[in-house]
Amino acid sequence: MTSTAPETQRGQDAGDPLGEQPTSWQRRLRRFGHVPRPETSLRDRLDPPWTRPGRQVWSVLAIPPHVADRLVRWSGWGGPLLVTLVAGLLRFWRLDQPNAVIFDETYYAKDAWALVNRGYEGSWPKDVDKLILKDPSSVPIPTDPGYVVHPPVGKWIIGFGEQLFGFTPFGWRFMVAVLGTISVLLLCRIGRRLFRSTFLGCLAGLLLAVDGLHFVMSRTALLDLIVMFFVLAAFGCLVVDRDRSRRRLADALPVDEEGVLRPDARIAETLRLGWRPWRLGAGVMLGLAFATKWNGLYVLAAFGLMTVLWDVGTRRTAGAVRPYMAVLRRDLIPAFFSTVPVAIVTYIVSWTGWIVTDKGYYRNWAATEGKGSSWSWLPDWLRSLWHYENQVYDFHVGLTSGHTYESNPWSWLVLGRPVSYFYEEQAGCKESSTGKCAAEVLAIGTPLLWWLACFALAYVVWRWLFRRDWRAGAIACGVAAGWVPWFFYQERTIFLFYAVVFVPFLCLAVTMLLGAIVGPAAGTGARANLGLTSKDPTGERRRTLGAIAAGVLVLLIIWNFIYFWPLYTGTSIPEDLWRDRMWLDTWV
């Protein structure tokens, strides 16, 4: 059988080393589920092996061994690409519907069109949306600058789709749908690397593919899914960087006369890990996230701390006596310059259109109102940009006007108040007892997935605290970076769809929980430490029941996505059926 549970990864799972007496604090922590790490080789702890399907799977499917080996080799990319194909078909199906400017598309679609044609956002006349839908070629692009409150990268991306397919709903949604689809592929590969299991990686991607909020945001020209894409890409870069740096350190450690890798304090504390392009790539991705919406800045801080702590764990595992001091001397400065300055430079470069056109909003502030400042030795464009950013910050922190669909971040995980992007009633609907049909695009996650994620997050936090599982800590960091900052702005007008930034990490948390429900294959992980073999009937029975339970949960999530499909796509349904899907009063 394929080993699918997170506990099966050697060097990362829990279990008492046989014959070793626990200390008093370990005995006290056992009541909360803490157990020490098993005895595993140092190389496996630094560079854990990948799980492979057992022979039983192929024998049941009547697949010859040589064909099975080839399928295993291809599955690392074949499985994720298959899941991505499904996600893409779902997201691009009738992407131009509803044929309307829905919710905040009224800002970003028009700003993007002006940006790619003028180099800066324009000031559009009111009530121009209907004219755009009727005949976009008849609507002139404004020359007067418009006051916008978000950086330009996301609008450049939306505008690229408009350049390809025109100033139409399909055009301004195209690139967002592309990024939403690619993010499923990214999560499959990231989950595969995290859990060392192609099956679990594909499961994480499948959960993202059928999440309602991610689906709706992939089909709407808003900025938040673009932020999510860059955050997920940055996370993937850091995970790859972690694997490569640990492998590099393992290769530098000494091997004894029996061929066993041994820790070495001197090497662990003094070795320089050299050029780390993946961490540099993470800096660029985080800069692009920040240059789409400012909440990417919080993710930059969280991920920067996370990657430094990973370096501490790497050097400690390799034998460093003072790992924090070693990281301070060898890794901290390179880590800082690979992320923070790179992200800042990326952010500034994203404003190139505003800088070179000389016509953007506040572009000439330094030469007019700001003339004679003590900072006049700086370039005018930089001082004007700084003033613009200060004005935008004041706008964001002062945005307290009420909105029908605003929600408190405390309610996000339970989907307390979703956002209706589009709603239309149609009279004369014979199938409805009210005589009406309803078409709505509702930005809401797949309920069963999100409610299961509440339990999964509790499991992840428990596993991080008491099993010292770095993967659980990484998932928790991703959720916290996208969610916790909004608690500091609860007086602001904020919405549930901001949560799309950490949806991939919710899917990883649910995947970890489902893997634990399935349990480790007999003869591996904790069972091996207990002396159980693959012939143990109790272990096989428990694993079979776990697989059934996990499978039922996944099927229920998929069914739930299908059930809410009309609300995700704006499909017209009888009002009775629409009300049946309003499970909570706050969803109306």
Side-chain angles (χ1 to χ4, degrees), residues 9-12 37 40-50 186 189-190 192-196 230-256 259-287 299-346 464 468-475 477-478 481:
Q9 297 181 41
R10 284 173 284 173
Q12 296 175 355
R37 294 176 183 270
T40 55
S41 71
L42 178 59
R43 181 169 294 278
D44 281 356
R45 286 158 54 200
L46 286 171
D47 186 18
W50 297 78
L186 286 179
R189 295 288 296 179
I190 291 170
R192 178 178 182 270
R193 186 173 287 272
L194 273 180
F195 303 125
R196 289 299 195 264
F230 290 128
V231 167
L232 184 61
F235 182 77
C237 288
L238 292 176
V239 171
V240 174
D241 172 75
R242 180 186 184 275
D243 280 357
R244 293 196 170 195
S245 61
R246 290 174 76 89
R247 191 177 302 122
R248 187 176 302 165
L249 189 53
D251 292 340
L253 292 175
V255 178
D256 62 17
V260 178
L261 196 71
R262 296 298 181 187
D264 186 289
R266 183 187 63 81
I267 294 176
E269 293 183 358
T270 61
L271 180 71
R272 294 189 181 276
L273 297 176
W275 173 246
R276 300 173 71 169
W278 285 98
R279 190 147 68 180
L280 189 66
V284 173
M285 292 297 106
L286 291 169
V299 183
L300 171 63
F303 282 9
L305 177 62
M306 179 179 69
T307 189
V308 170
L309 292 178
W310 283 354
D311 285 344
V312 171
T314 296
R315 293 190 180 273
R316 178 190 288 119
T317 302
V321 178
R322 296 183 296 174
Y324 285 96
M325 185 59 66
V327 169
L328 181 63
R329 291 175 177 175
R330 305 293 181 186
D331 303 318
L332 188 61
I333 293 178
F336 175 82
F337 281 101
S338 295
T339 51
V340 178
V342 170
I344 292 175
V345 170
T346 302
W464 176 40
R468 305 295 296 275
D469 191 327
W470 73 272
R471 301 160 304 163
I475 295 169
C477 179

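Since the model is a prediction, treat every value here as computed from it, not as a measurement.
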[Y] side chain reached by [X] side chain, heavy atoms, under 4.5 Å:
{"X": "W278", "Y": "D243", "value": "no"}
{"X": "W275", "Y": "L280", "value": "yes"}
{"X": "D469", "Y": "W464", "value": "no"}
{"X": "L238", "Y": "M306", "value": "yes"}
{"X": "R247", "Y": "D251", "value": "yes"}
{"X": "P254", "Y": "I267", "value": "yes"}
{"X": "W50", "Y": "R193", "value": "yes"}

[X] side chain to [Y] main-chain N or O, any donor-acceptor pair under 3.5 Å?
{"X": "E269", "Y": "V321", "value": "yes"}
{"X": "R279", "Y": "S338", "value": "no"}
{"X": "T307", "Y": "G304", "value": "no"}
{"X": "R196", "Y": "P48", "value": "yes"}

With rounding to the nearest 0.5 angstrom, report the [atom1] to [atom2] distance, [X] to [Y].
{"X": "L194", "Y": "I475", "atom1": "CG", "atom2": "CD1", "value": "6.0 Å"}
{"X": "R262", "Y": "S41", "atom1": "CZ", "atom2": "OG", "value": "10.0 Å"}
{"X": "L305", "Y": "L300", "atom1": "CG", "atom2": "CG", "value": "11.5 Å"}
{"X": "I333", "Y": "L328", "atom1": "CD1", "atom2": "CG", "value": "7.5 Å"}
{"X": "D241", "Y": "D311", "atom1": "CG", "atom2": "CG", "value": "7.0 Å"}

Parallel under 30°, tilted from 30 to 60°, perpendicular over 60°: which one fits the rings of F303 and F235?
->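 The arrangement is tilted - the two ring planes meet at 30° to 60°.
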T317 and R45 side chains, donor-acceptor separation under 3.5 Å =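 The criterion, which ignores hydrogens and geometry beyond distance, is not satisfied for T317 and R45.
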If every non-hydrogen atom of I190 is compared with every non-hydrogen atom of G236, which pair is closest and at what distance?
->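 Between these two residues, the closest heavy atoms are CD1-CA, 3.6 Å.
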Where A250 and L261 come nearest, the two heavy atoms and their spacing |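 Shortest heavy-atom contact: O-CD1, 3.5 Å.
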Would you check, one step at a time, whether the test side-chain contact (heavy atoms from CB on, under 4.5 Å) holds for R244 with V240?
-> CA-CA 6 Å; R244 293 196 170 195; V240 174; 3.9 Å; yes
For the side-chain contact (heavy atoms from CB on, under 4.5 Å) test, which of V260, L253, V255 pairs with L42?
->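 Of the listed residues V260, L253, V255, the side-chain contact (heavy atoms from CB on, under 4.5 Å) partner of L42 is L253.
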Evaluate the criterion side-chain contact (heavy atoms from CB on, under 4.5 Å) for residue pair R246 and L46; output intermediate values, then yes/no.
-> CA-CA 6 Å; R246 290 174 76 89; L46 286 171; 4.0 Å; yes
Quick one: salt bridge (charged side-chain N to carboxylate O under 4.0 Å, His left out) pairs with a partner in residues 325-339, sequence neighbours left out?
->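 Output for this query lists R315-D331.
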